Amino acid sequence: MTNLLVPLVSGGADVAESGTYWAPYYIGGGILLVLLVLMGALLAFGQGREHS
């Protein structure tokens with residue numbers, strides 16, 4: 001977790017040369033995508049859609 005936060009705190013100046021600056025954004029985007037897919041699956045196939 002520390003490796004993900006260091007580029008954000010330091011501004012990416014010391015890790016820009018190593019090419020690891022975009023890693024937190026890829027990980028965050030992947031987590032967001034998984035959550036959106038999960039939410040869509042729950043809405044499509046969930047049991048809580050009927051209100052009668």
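Please read these numbers as outputs of a predicted model, since none were measured by experiment.
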As an exercise, state the distance from CG of L43 to CG of L38, rounded to the nearest 0.5 Å.
9.5 Å

Output all residues satisfying side chain to side chain contact (heavy atoms under 4.5 Å, CB included) with L36, sequence neighbours left out; order by chain, then residue number.
L32, M39

Output all residues satisfying side chain to side chain contact (heavy atoms under 4.5 Å, CB included) with I31, sequence neighbours left out; order by chain, then residue number.
I27, L35

